[in-house]
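Worth saying up front: this structure is predicted, and the values here are computed from it rather than measured.
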Amino acid sequence: MSSRRVAIVTGGGTGIGAATAQTLASADWNVVICGRRMEPLQKIAECTGALPIVADASCEKDIQRLVTTTTETFGRLDGVVLNAGVVRPGSVGELSDDDWQAMVDINLSGPFKLLRAALPHLIAARGAVVGVASAAALRATNEIPGYNATKAGLNMLLQSVAVDYGPRGVRANTVCPGWVRTEMADMEMQEYGESLGLDREQAYARATALVPARRPATAEEVADVIAWLLSDKARYVSAAVLPVDGGMIATDPGAIAFDPRISFQ
């Protein structure tokens, strides 16, 4: 059995998941990353030493294989980062059953199934779980009700794990990022900016203009918080829902009209 702690990171090939794999590897963890495509996983594996496993984080068979491979390879499992997620736009009146179900499967049922498979090992290791939710889990964002609902559900799922398994040594927390510079966000900003005649950087600046930090986060900044929550430095932190949003959700929409930078047409 390895003496190094071991973590599984879902959605580990890009964005916050990839940054988390790098941060944990730098902190001397053995890291297992999973995702649906080997190519991005392999790139992260080459620079971190992580073990890449192609797996669908919503598929029961893949989840069982992921946990079994991890424990057979390293002999233990100390941490899980539930980072895989998907968003499908559309208001409640417009959202299709398929898009709704995709978000439920990946954002909520997948984490439930992985937790169920991993918990015996986490109990044995007195380990920890971190779910990557969203600021959209705390404040409703327009046109993405399925994402809002499933990420809010992830928050409560992890709090339930903290309550039920805390007496057995398991900690569970979630982080709720706002805008983060990732491959996916870059594409969103490119599309958003084109509609306004802005480049990507200008689009980011506009999207975060009312965020107190006045900028998006980097993936590494979110990863640092995740790694801290998994570490012994956070050993008395459990059931926390921690915004990592530059102060975004603390702002008062009712005060926007008094911001001298805002004009209404």
Side-chain angles (χ1 to χ4, degrees), residues 11 14-20 23 82-95 99 103 107-108 130-156 158-159 173-229 237 240-265:
T14 59
I16 293 170
T20 299
T23 300
L82 301 166
N83 173 68
V86 65
V87 58
R88 298 284 188 268
S91 64
V92 168
E94 300 165 339
L95 195 64
D99 284 344
M103 287 182 279
N107 298 349
L108 192 54
V130 179
V132 180
S134 170
L138 304 175
R139 302 288 187 273
T141 300
N142 63 303
E143 298 296 323
I144 51 169
Y147 188 75
N148 297 339
T150 52
K151 287 298 188 177
L154 181 63
N155 281 344
M156 187 52 67
L158 270 291
Q159 287 183 313
N173 299 285
T174 53
V175 295
C176 293
W179 278 113
V180 183
R181 286 183 178 274
T182 63
E183 295 88 336
M184 184 180 296
D186 283 352
M187 289 190 293
E188 290 183 67
M189 286 298 151
Q190 195 72 36
E191 182 179 343
Y192 170 59
E194 286 173 358
S195 68
L196 298 170
L198 306 174
D199 64 26
R200 190 172 66 194
E201 291 306 308
Q202 291 170 323
Y204 268 120
R206 182 181 176 110
T208 59
L210 298 180
V211 175
R214 297 294 192 268
R215 64 172 179 85
T218 65
E220 290 74 19
E221 287 172 319
V222 181
D224 284 342
V225 179
I226 294 170
W228 175 75
L229 286 169
V237 181
V241 177
L242 184 58
V244 187
D245 65 352
M248 182 175 70
I249 66 164
T251 58
D252 176 10
I256 292 175
F258 299 93
D259 191 314
R261 297 168 299 149
I262 303 298
S263 62
F264 296 90
Q265 298 179 354

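Once rounded to the nearest 0.5 Å, the distance linking CG of Asp252 with CG of Asp259 reads 11.5 Å. Between the CD atom of Gln202 and the CG atom of Leu196 there is a distance of 10.0 Å, given to the nearest 0.5 Å. Here the straight-line distance linking atom CG of Leu198 with atom CE of Met189 works out to 10.5 Å at 0.5 Å rounding. To the nearest 0.5 Å, the span separating OG1 on Thr251 from CG on Leu210 amounts to 7.0 Å. A distance of 6.0 Å separates CG of Leu158 from OG1 of Thr174, quoted to the nearest 0.5 Å.
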Side-chain donor/acceptor pairs under 3.5 Å, residues 134-145, sequence neighbours excluded:
{"unit_1": "Ser134", "atom_1": "OG", "unit_2": "Ala136", "atom_2": "N", "d": "2.9"}
{"unit_1": "Arg139", "atom_1": "NH2", "unit_2": "Ile249", "atom_2": "O", "d": "3.4"}
{"unit_1": "Glu143", "atom_1": "OE1", "unit_2": "Ser91", "atom_2": "N", "d": "3.4"}

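Of all the heavy atoms in Asn155 and Ala133, the pair that sits closest is OD1-CB, 3.3 Å. Nearest approach of Thr208 to Pro216, heavy atoms of both residues: CG2-N, 3.7 Å. Nearest heavy atoms, Val175 versus Val222: CG2-CG1, 4.4 Å. Pairing each heavy atom of Ile16 with each of Thr182, the nearest pair is N-CG2, 4.2 Å. The minimum heavy-atom distance linking Tyr204 with Val180 is given by the pair OH-O, 4.1 Å. Of all heavy-atom pairs between Asn107 and Tyr147, the closest is ND2-CD1, 3.8 Å.
In this structure Glu191 satisfies the side-chain contact (heavy atoms from CB on, under 4.5 Å) test with no other residue, sequence neighbours excluded. Applying the side-chain contact (heavy atoms from CB on, under 4.5 Å) test to Asp224 and every residue at least two apart in sequence or in another chain returns Thr23. Glu221 pairs by the salt bridge (Lys or Arg N to Asp or Glu O under 4.0 Å) definition with Arg215, not counting sequence neighbours.
Within the structure, salt bridge (Lys or Arg N to Asp or Glu O under 4.0 Å) contacts touching residues 195-212 (residues at least two apart or in different chains) are Arg181-Glu201, Asp186-Arg200. Judged as a salt bridge (Lys or Arg N to Asp or Glu O under 4.0 Å), not a single pair has a partner in residues 147-156 (not counting sequence neighbours).
A 4.5 Å side-chain heavy-atom check between Ile226 and Val132 finds at least one atom pair inside the cut-off.
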